Protein chains: 2
Amino acid sequence: MARYQVGIRTQSKILEATRELLAEGGLDAATLKAICERAGVQAGSFYNIFPSKEQAVMQVAGEAIQAVDPDPELSGTETLNDLVDAYIRFVVEQPDLARVYLQVAVTVGNDDSVTRRFLRHHVRRVERFAQAMLRESLVATQAEAVTKAEVLLGALDGLAFRWVLDRSFDFTKHARYAVAQCGR
Amino acid sequence: MARYQVGIRTQSKILEATRELLAEGGLDAATLKAICERAGVQAGSFYNIFPSKEQAVMQVAGEAIQAVDPDPELSGTETLNDLVDAYIRFVVEQPDLARVYLQVAVTVGNDDSVTRRFLRHHVRRVERFAQAMLRESLVATQAEAVTKAEVLLGALDGLAFRWVLDRSFDFTKHARYAVAQCGR
DNA sequence: CGACTTTTTGAGTATACACTCCATTTTGGA
DNA sequence: TCCAAAATGGAGTGTATACTCAAAAAGTCG
């Protein structure tokens with residue numbers, strides 16, 4: 001772990017390089033060599049700070065998963081539109097992290113700890129969407145709210161992934177259309 | 001290429017092993033060693049039939065992409081429900097191929113020929129969905145039909161991927177809910 | 001400054017990968 | 001039955017990967 005100033009700076013450079021590479025080409029692109037080259041660092045320095053490559057990847061993936069959620073403080077008051085807007089803003093304003101979020105969920109082998117973390121986070125997200133739907137009376141029962149929330153989030157993730165594959169795809173427009181369809 | 005009977009059988013065994021491995025763990029799991037072991041074959045035999053591992057993977061991925069579509073003959077007469085039912089049947093009845101379809105689209109590096117093929121196929125699929133929506137007057141204009149179709153297919157793919165990550169997820173129920181939401 | 005710790009370098013290791021080569025066996029038509 | 005072509009087994013090749021190590025350099029703080 002980093003203790004000196006210079007070590008902390010190196011840690012940041014490594015995490016930044018890892019984030020960029022994950023965003024650009026998923027796990028396959030984030031080799032140790034590529035990370036070290038982009039960070040301007042040698043393998044020995046990397047392993048002075050991180051115990052393994054996986055640790056660095058996990059940290060970046062964790063940031064991405066966190067960043068998908070808008071301030072958890074507001075949970076319990078926001079509207080469905082607020083939540084969808086927050087997701088759109090996340091994708092538009094932090095495309096690198098957004099790409100990491102999708103690439104990692106998808107690239108990493110199943111039954112992996114990252115996959116489990118992703119799923120755990122997903123169900124919490126569904127809960128939050130479902131609560132907002134209930135508050136706005138878009139739906140009668142708790143169970144239907146959860147189903148509707150799963151479908152909406154499935155659509156948002158599906159559309160975001162579509163955008164990862166084809167960057168000219170207009171994610172914002174389609175995401176707005178998806179939520180508008182819920183509101184009736 | 002296989003010319004003798006025994007060679008053709010070997011080819012089938014290799015393709016079957018590749019399909020299973022891709023379904024189970026994506027590209028990472030489909031190593032040459034794993035494929036050969038499962039097929040009960042040595043590397044030399046593999047390369048007597050396929051010029052590269054990529055060729056075998058491409059062939060299986062191609063099958064999966066084809067299999068997503070119901071009979072192209074019917075194109076032009078089927079309803080939106082027919083199309084969604086066909087996708088649900090594909091996922092439920094051929095889960096291996098369905099998993100390959102999603103894993104491959106997602107695992108393979110971007111700008112890859114498989115990704116391009118996947119996207120080309122996707123826009124054709126969107127067209128078909130959009131036409132069905134127009135026929136049923138679910139939508140006023142061609143442009144809105146395409147948008148609505150992209151959202152519905154995004155949701156279906158997103159939900160199917162959710163099921164890949166968590167096999168206990170009820171894909172059929174959510175897919176039906178998604179299409180019901182379109183029909184109003 | 002001086003002593004101690006952290007950081008860096010860069011060559012080196014072990015392993016897994018796709019793929020090759022060729023002697024040997026099997027196939028199937030004449 | 002014979003034989004050329006095809007298929008097979010299995011050791012071997014080159015390369016990329018994650019990771020290690022020890023010596024040297026640089027940072028921290030009394």
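This is a predicted model, so every value here is computed, not measured. Just so we're on the same page: letters track the sequence lines, and every chain starts at 1.
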Return the value, rounded to whole Å, for the distance between atom [atom1] of [X] and atom [atom2] of [N].
X: Q5(B); N: dA5(D); atom1: CD; atom2: C1'; result: 15 Å
X: F46(A); N: dT9(C); atom1: CZ; atom2: P; result: 15 Å
X: M1(B); N: dA5(D); atom1: CE; atom2: P; result: 17 Å
X: E54(A); N: dT17(D); atom1: CD; atom2: P; result: 17 Å
X: F50(B); N: dT8(D); atom1: CZ; atom2: P; result: 12 Å
X: K53(A); N: dA16(C); atom1: NZ; atom2: P; result: 15 Å
X: R9(A); N: dA26(D); atom1: CZ; atom2: P; result: 15 Å
X: Y47(A); N: dT9(C); atom1: OH; atom2: P; result: 16 Å

At 4.0 Å (heavy atoms only), tell me whether G44(B) reaches a base, stays on the sugar-phosphate, or touches nothing. base

Specify the residue among S45(A) and L32(A) whose closest nucleotide of DNA chain D lies further upstream toward the 5′ end. L32(A)

Whichever of K33(A) and I8(B) has its nearest DNA chain D nucleotide further upstream toward 5': I8(B)

Check every atom of [options] against the side chain of [X] and return the nucleotide holding the closest atom.
X: I49(B); options: dG27(D), dT8(D), dA18(D); result: dT8(D)
X: T10(B); options: dC19(C), dT8(D), dA6(D); result: dT8(D)
X: V6(B); options: dT7(C), dA7(D), dT17(D); result: dA7(D)

Report whether F129(B) and L74(B) are members of the same hydrophobic cluster (ILVMFWY, side-chain heavy atoms less than 4.5 Å apart, transitive linking). no

Ignoring backbone atoms, test whether [X] places a side-chain nitrogen or oxygen under 4.0 Å from the OP1 or OP2 oxygen of [N].
X: Y4(A); N: dT28(D); answer: no
X: Q42(A); N: dT8(C); answer: no
X: S52(B); N: dA18(C); answer: no
X: N48(B); N: dA6(D); answer: no

Any [X] side-chain heavy atom under 4.5 Å of [Y] side chain:
X: D71(B); Y: E78(B); answer: no
X: H174(B); Y: W163(B); answer: no
X: D157(B); Y: R125(B); answer: yes
X: P70(B); Y: R128(B); answer: yes

Between V41(A) and T31(B), the residue closer to the 5' end of DNA chain C by nearest nucleotide is V41(A)

